[in-house]
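Report on the structure given below.
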Amino acid sequence: MISFSAVFKRYPGGQDVLKGVSLTVEAGALVFITGQSGAGKSTLLKLIPGIERPSAGSIIVNGQNVSALKPAAIPFLRRNLGLVFQDQKLLYDRSVYENLMLPLSFSGLAPKEAARRARAALDKVGLLGREKANPIQLSGGEQQRLAIARAVVNRPAVLIADEPTANLDAEAAQRVLEIFLAFNQVGVTVLVATHDMALVKRYGQRVLRLAAGHVEEDAAA
Amino acid sequence: MRSWLRHHRKALRAALGKLATQKAGGMVSALVIGVALSLPAGGYALLEGLTSLTAGVALDPQMSVYLKPGSSKAEAEKLGARLKADSRVGQVRFVSREEALSELKGEEGLSDVVAALDHNPLPDAFVVRTRGASPQAQTALAEELRHVPSVSHVQADALWAQRLASLTRLGRLAVLLLAALLAFGLVAVTFNTIRLQILTQRDEIEVSKLIGATDAFIRRPFLYLGLVQGLAGGALALGIVWAGLALLNSEVRPLAQTYGSSFGFGFLSPGDALAVVLFAGALGWLGASLSVSRYLREIQPK
């Protein structure tokens, strides 16, 4: 479960990006976060894994107050969250398989189990058989799916994706969203930020619309 | 525990692999470390050699007492009796000027010189062996004998051994200072090479941190890289010192032989050699640790 109460975020020297955001996402829910660029979607998502720290207010993730966590505790918080970044942050100096092994390398799994999980994650996103390719050889949609596979390979309870369908054609975008739906159906809490309202409306899920740092609209499914 | 060991094994393997693959960067800094460390290590080995040389001399309680040229036989006998009566003197050997000259004739290369002399320029002499070995006792005795009217010169080897010993003490201090200065330099060198390595892996570090790697996990491979670089540098320093001493000994040994000595500079003792390598390794580790800690601080979100 994730809950924000009266969260403010101001970047150094800038204005407030979030102005008193309060929201609750129950475990196992799927929420789309929409709004124009600059509305604060990315900032909101970055606050959950402690990539950014709130200027005021509190953020509770799985019972932990993220804003009060010591820096040493942040890595362990992040291991329970699957993160798909806006710019994907794939490593182009290594293969698809090695990209997947990165989060497994510090989770302390036995090599056999790690390899099994990596293959399972590739299977879920439809990239089985592409292990040896370099991410640069993948299409945009495939790269996005690899980023998702890396996010879920440690089997997190929460999956957070920032604009996962940006720069994808309609077909690839739909495929990516269906992967998120599939994870949600097996109990994973999913938060997806997107500015593509048309795409979101088709799925009939809860939509949280941000505007100028406020929750403008919270439309339940 | 198993996964902890696995992490360390992996980090060490990665460090060795990096040192092997990027021959330019890692090897050059190991070379820099090696060359820099070979200076104090080599200086130390040289000083140890000199110390062993002077230690032998200082323990040799022997001095030569030369009489004034033209001293009479009676004066020589009187001095001889005085020396034998002295409780500090163990053994006395009288070397007459004739004996000394014939000894000199026996020396290779000098017989021609001796033959060219029209008279014997050498004085009578006593070779005195003292009972105590302490340099202080020898100095006191030499000082006393110098005031005997018939004595022209007293040569106590212990005196120059003492001077050499204080010189080597000075040298030791200089080597220590040099080592301390270079230690700072080596930490800086490692700091810099590790920083370059970090920058080439900036993306990997960023992503790893974002998806839950601890700082310790990120730090580990760089610490090993610094350690391995330092150890390699230390081993290289030993190699340079060994080669340098071997070269030096090829000249020193024949020279020492002409003095009837088998002296040659010895290599560092196993303990000292190990200390050099471990010291270098520790410096590498320290440099890497400072470097990666600084980088992690830099990327820490405010």
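By convention in this document, chain letters (A, B, ...) are assigned in the order of the sequence lines, proteins followed by strands, and residues within each chain are numbered from 1. All heavy atoms count here, side chains included; hydrogens, waters and symmetry mates do not. As the structure is a prediction and not an experimental result, all values here were calculated from the model.
Most heavy-atom pairs under 4.5 Å with chain B: of the set A:Asp93, A:Leu109, A:Asn154, A:Leu83, this distinction falls to A:Leu109. Ranked by non-hydrogen atom pairs under 4.5 Å with chain B, the options A:Pro156, A:Gly82, A:Pro111 are led by A:Pro111.
A donor-acceptor contact shorter than 3.5 Å links the side chain of B:Ser38 to the backbone of B:Val35. In terms of modelled atom types and a separation under 3.5 Å, the side chain of A:Gln143 and the main chain of A:Leu138 share a donor-acceptor contact. A donor-acceptor pair is defined here as one N or O able to donate and one able to accept, closer than 3.5 Å; no such pair exists between the side chain of A:Glu113 and the backbone of A:Ala110. A donor-acceptor contact shorter than 3.5 Å links the side chain of B:Ser293 to the backbone of B:Ser289. No donor-acceptor distance shorter than 3.5 angstrom exists from the side chain of A:Asn184 to the backbone of A:Thr189, with no hydrogens or angles considered.
Salt bridge status for A:Glu178 with A:Arg175: absent, with no side-chain N to carboxylate O gap under 4.0 Å.
The list of ring-ring contact (aromatic ring centres under 6.0 Å, His included) pairs with a residue in residues 99-157 of chain A, not counting sequence neighbours, reads A:Phe106-B:Phe217.
Within residues 23-42 of chain A, no residue has any heavy atom closer than 4.5 Å to a heavy atom of chain B. Proximity to chain B among residues 65-77 of chain A is limited to A:Pro71, A:Pro75, A:Phe76, judged by heavy-atom separations below 4.5 angstrom.
Contacts of A:Leu81 with chain B are absent, with no heavy-atom separation under 4.5 Å from either backbone or side chain. Contacts between A:Pro103 and chain B at a heavy-atom distance below 4.5 Å involve backbone atoms as well as side-chain atoms. For chain B, no part of A:Tyr92 is nearby; none of its heavy atoms comes within less than 4.5 Å.
Across all non-hydrogen atoms, the minimal contact from B:Ser29 to B:Val189 is CB-CG1, 4.1 Å. Between B:Thr190 and B:Gly226, the shortest heavy-atom distance links the atoms CG2-CA, 4.1 Å.
B:Phe265 is linked by a ring pair (Phe, Tyr, Trp, His ring centres under 6.0 Å) to B:Phe263, counting only residues two or more places apart in sequence or in another chain.
Residues B:Ile218 and B:Tyr295 form no side-chain contact, since every pair of their non-hydrogen atoms from C-beta on lies 4.5 Å or further apart. Counting heavy atoms from C-beta outward, A:Lys89 and B:Asp203 have side chains that stay 4.5 Å or more apart.
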